[in-house]
Amino acid sequence: MVKKGSLLLLSIILIIGVFIPHDKSVAATESITISTDFVNVRGGPGLSYPLIKIVNRGETYPIVTEQDDWIEIEFANGQTGWLVNWLVTKETSSNNTDVTENTAIKTNYGIVNADTLNMRGEPSAFSPVVGKLTYGTSVTMYSKQDNWLEIGFSNLRGWVNSEFIDSQATGSSTSDTAQKSDLIGTVTADSLSVRSSASLNSSAIGTVTMGQSFTIVEEMNNWTKIEYKSGSFGWVAGWFLEKEASKSQTGQAVKENIITIINNGTNIRKGPDVQSDVIERTNTGATYSVKSIINDWYEIKLEDGRIGYIAGWLVSINGTKPQIKKTGAEGYLKNKTIVLDPGHGGTDKGATGVSGIYEKDLTLRTAQLLSDKLMAAGANVYITRKNDSYLQLASRVNLARTYNADAFISLHYDSNVDPSIHGMTGYYYHTYQQTLAESIFSSTVGQTKMTSRGVRFGDFHVIRENSQKAVLMELGYLSNPAEEMMIKSAGFQENAASGLFDGLARYFKENP
């Protein structure tokens, strides 16, 4: 029962509330379109509010108001609810009068002309990467600031270097789709379903297998349309295709090759070897134009005109030049003792992916692949668990001490309540572990092309209590739907194992 005084107070609040403006006024004709499957709508702007409805990809709703990362929408029955803004695409009518300080773009659409292109949160090479785009992707252009373009793709919005976007006239594209005739996609998954439309909810109409190549007809969000057999077309998950220009483009001019630094404190040296003097240090996100490749080093030109060299395994590259990987690594691993620790196990499932996959199963899978590579190179390999069993953290550490391990690698996959967070992170606890962590991390990021979240201090039992050189690797986020799909693929698992292997080899080469 509500007291009479409370009713009076409530009435006053309601009356005053009429005159209190929302956080942001929005034109009545502004709306959003759901850009992913099964989006939760809540009673208020936060994860703590109750779930009131689930909406699906492609549905459109008018916007009532916005608050921080949340949007309030209205349903046909007049009910309202809140959802997060990174799961939708916002559409604004022509009477929107918002003014931006950036230069307006007269041509609304563009095509990515680099193999891979980083999308950043701000118009700066030092701004965090919020997404990656591949060659031929169609994007919407919003504004320009110096040599940076503000673009949108699917539910992402960010900034890219304008040199890597070819403009198209307004009206040449009417949606997030783009017609393709100059790209070939090669399947990287063991088996990949072909679906009737660009959604996991659509029916499977065929199957393609690893190594098969198809002409790309169309792309929409993260889906790719192919002609999977003569006269039959269907959609496949685009992240399981390796894309390259068709032969008809062989004579086309190419853009310059740009490297991006993936670790803070990366050395730029006077010559192409680790014995050369360090002339400058650079940090994550910095970009440089590649002049040439000498052995395993990229030759670059600094802002002051000096020539410097960066080890190829410490960067990622956009362009036609190859990603450098160390060769002949096997010799540096022979007779080394490596303890692999697939995280969790048994009753401890670890993180649970969007599709329901368990972290404990993926870490075991990665460890087994890495173990095979290490043993083939002559290393002595011990795995803390070889099946779905649980082992105390102290027991895992004791194995490293018992075998006097030259390296202890704890493998994990991450999770976060924010499904947009993605990327790979490396951890160490003691300073004597840092060099090993940096070597393994930079190699694995380069091999998998994952977003780098850097190498940092981490207070985890298996590295804190370890007297051996030990690291903990978080290889990606199972809470991010797109990243989880990629992590589960055979291609990613193979690349992750190869990256970990190469990083260990390089470490032992430089620290025999």
Side-chain angles (χ1 to χ4, degrees), residues 333-353 357-416 424-441 443-444 455-479 487-488 493 496-497 499-501 503-505 507-508 511:
L333 289 163
K334 189 174 183 180
N335 297 324
K336 296 296 183 183
T337 300
I338 313 295
V339 174
L340 302 180
D341 175 37
H344 309 283
T347 56
D348 179 9
K349 299 173 183 178
T352 301
I357 194 168
Y358 296 137
E359 179 184 2
K360 66 174 184 176
D361 297 325
L362 284 172
T363 59
L364 185 59
R365 184 177 167 192
T366 310
Q368 290 167 339
L369 284 170
L370 178 56
S371 175
D372 291 343
K373 293 178 181 294
L374 291 170
M375 288 192 292
N380 303 311
V381 183
Y382 300 93
I383 304 180
T384 58
R385 65 178 183 92
K386 295 184 178 180
N387 50 39
D388 186 17
S389 58
Y390 178 74
L391 190 66
Q392 294 286 343
L393 297 180
S395 299
R396 298 172 193 248
V397 173
N398 287 339
L399 283 175
R401 186 181 304 111
T402 298
Y403 294 116
N404 192 27
D406 296 298
F408 175 96
I409 315 296
S410 189
L411 301 171
H412 292 263
Y413 289 90
D414 224 330
S415 183
N416 195 287
M424 186 179 295
T425 316
Y427 292 97
Y428 66 91
Y429 184 86
H430 302 286
T431 54
Y432 59 78
Q433 300 166 339
Q434 183 173 356
T435 303
L436 175 63
E438 290 173 344
S439 179
I440 291 175
F441 178 81
S443 178
T444 310
V455 177
R456 60 188 73 171
F457 171 86
D459 189 5
F460 300 103
H461 183 100
V462 292
I463 53 178
R464 182 186 69 236
E465 303 302 322
N466 212 316
S467 58
Q468 310 303 117
K469 292 176 180 177
V471 303
L472 187 145
M473 293 288 295
E474 294 280 5
L475 296 169
Y477 278 80
L478 296 179
S479 50
I487 286 169
K488 294 190 300 182
Q493 288 292 317
L500 293 162
F501 175 89
L504 279 165
Y507 172 78
F508 289 122
N511 301 272

Quiz item: What heavy-atom pair brings Ser467 and Arg401 nearest, and what distance separates the two atoms?
Solution: OG-NE, 4.1 Å
Exercise. Quick one: closest heavy-atom pair of Val455 and Ala437, and the distance?
Key: CG1-CB, 3.9 Å
Quiz item: Would a 4.5 Å heavy-atom cut-off, applied to side chains only, mark Asn416 and Tyr477 as touching?
Solution: yes
Self-check item: By side-chain hydrogen bond (donor to acceptor under 3.5 Å, both in side chains) - contacts of Asp406 (at least two apart)
Solution: none
Self-check item: Whether Ser439 side chain and Gly503 backbone form a donor-acceptor pair below 3.5 Å
Solution: yes
Quiz item: For the atom pair NE2 (His344) and OH (Tyr390), what is the distance rounded to the nearest 0.5 Å?
Solution: 9.5 Å
Quiz item: If you take all heavy atoms of Ala400 and Asn466, which pair is closest and at what distance?
Solution: CB-OD1, 3.7 Å
Quiz item: Can you name the one residue among Arg456, Gln434, Arg464 that meets side chain to side chain contact (heavy atoms under 4.5 Å, CB included) with Tyr428?
Solution: Gln434
Practice problem: Could you grab the distance from atom OG1 of Thr435 to atom NZ of Lys469, nearest 0.5 Å is fine? | Solution: 7.5 Å
Quiz item: Under 3.5 Å, is there a donor-acceptor pair between the side chain of Glu359 and the main chain of Tyr413?
Solution: yes
Exercise. Go through the side-chain N and O atoms of Thr363 and Arg385 and say whether any donor and acceptor fall under 3.5 Å apart.
Key: yes
Quiz item: Would you say Glu474's side chain and Thr425's backbone share a donor-acceptor pair under 3.5 angstrom?
Solution: no
Quiz item: Counting N and O atoms only, with roles assigned by atom type, does the side chain of Gln493 sit under 3.5 Å from a partner on the main chain of Ile487, one being a donor and the other an acceptor?
Solution: yes
Practice problem: State, with a plain yes or no, whether a side-chain heavy atom of Leu333 is found less than 4.5 Å away from one of Leu374. | Solution: yes
Exercise. Check the pair Leu500 / Leu411 against side chain to side chain contact (heavy atoms under 4.5 Å, CB included), numbers first and verdict last.
Key: CA-CA 10 Å; Leu500 293 162; Leu411 301 171; 3.8 Å; yes
Self-check item: Side-chain donor or acceptor of Gln468 paired with backbone N/O of Phe408 under 3.5 Å
Solution: no
Practice problem: Look up atom CD1 in Ile357 and atom NZ in Lys360, then write down how far apart they are to the nearest 0.5 Å. | Solution: 11.5 Å
Quiz item: Is it true that a side-chain atom of His412 and a backbone atom of Leu475 form a donor plus acceptor pair closer than 3.5 Å?
Solution: no
Practice problem: Supply the atom-to-atom distance Thr444 OG1 to Met473 CE, rounded to the nearest 0.5 angstrom. | Solution: 4.5 Å
Quiz item: Is the CZ atom of Phe508 crowded by more than 12 outside heavy atoms at less than 6.0 Å?
Solution: yes
Exercise. Please report the closest heavy-atom contact between Leu370 and Ala497, naming both atoms and the distance.
Key: CD1-O, 3.5 Å
Exercise. Tell me, with the steps shown, if Thr352 and Leu478 meet side chain to side chain contact (heavy atoms under 4.5 Å, CB included).
Key: CA-CA 7 Å; Thr352 301; Leu478 296 179; over 6 Å; no
Self-check item: Distance, nearest 0.5 Å, that separates NZ of Lys336 from CG of Leu504
Solution: 11.0 Å
Quiz prompt | Euclidean distance, Ile338 CD1 relative to Asn380 CG, rounded to 0.5 Å | solution = 8.5 Å
Quiz prompt | Closest contact, heavy atoms only, Leu472 versus Ile463 | solution = N-CG2, 3.9 Å
Exercise. Determine, stepwise, if the pair Thr402 / Tyr382 fulfils side chain to side chain donor-acceptor pair (under 3.5 Å).
Key: CA-CA 11 Å; Thr402 298; Tyr382 300 93; over 6 Å; no
Quiz item: Do the ring planes of Phe457 and Tyr429 sit parallel (below 30°), tilted (30 to 60°) or perpendicular (above 60°)?
Solution: tilted
Quiz item: Which pair of heavy atoms, one from Ser371 and one from Leu340, lies closest together, and at what distance?
Solution: N-CD1, 3.7 Å
Exercise. Identify the residue among Thr384, Ile383, Asp388 that makes a side chain to side chain contact (heavy atoms under 4.5 Å, CB included) with Lys386.
Key: Ile383
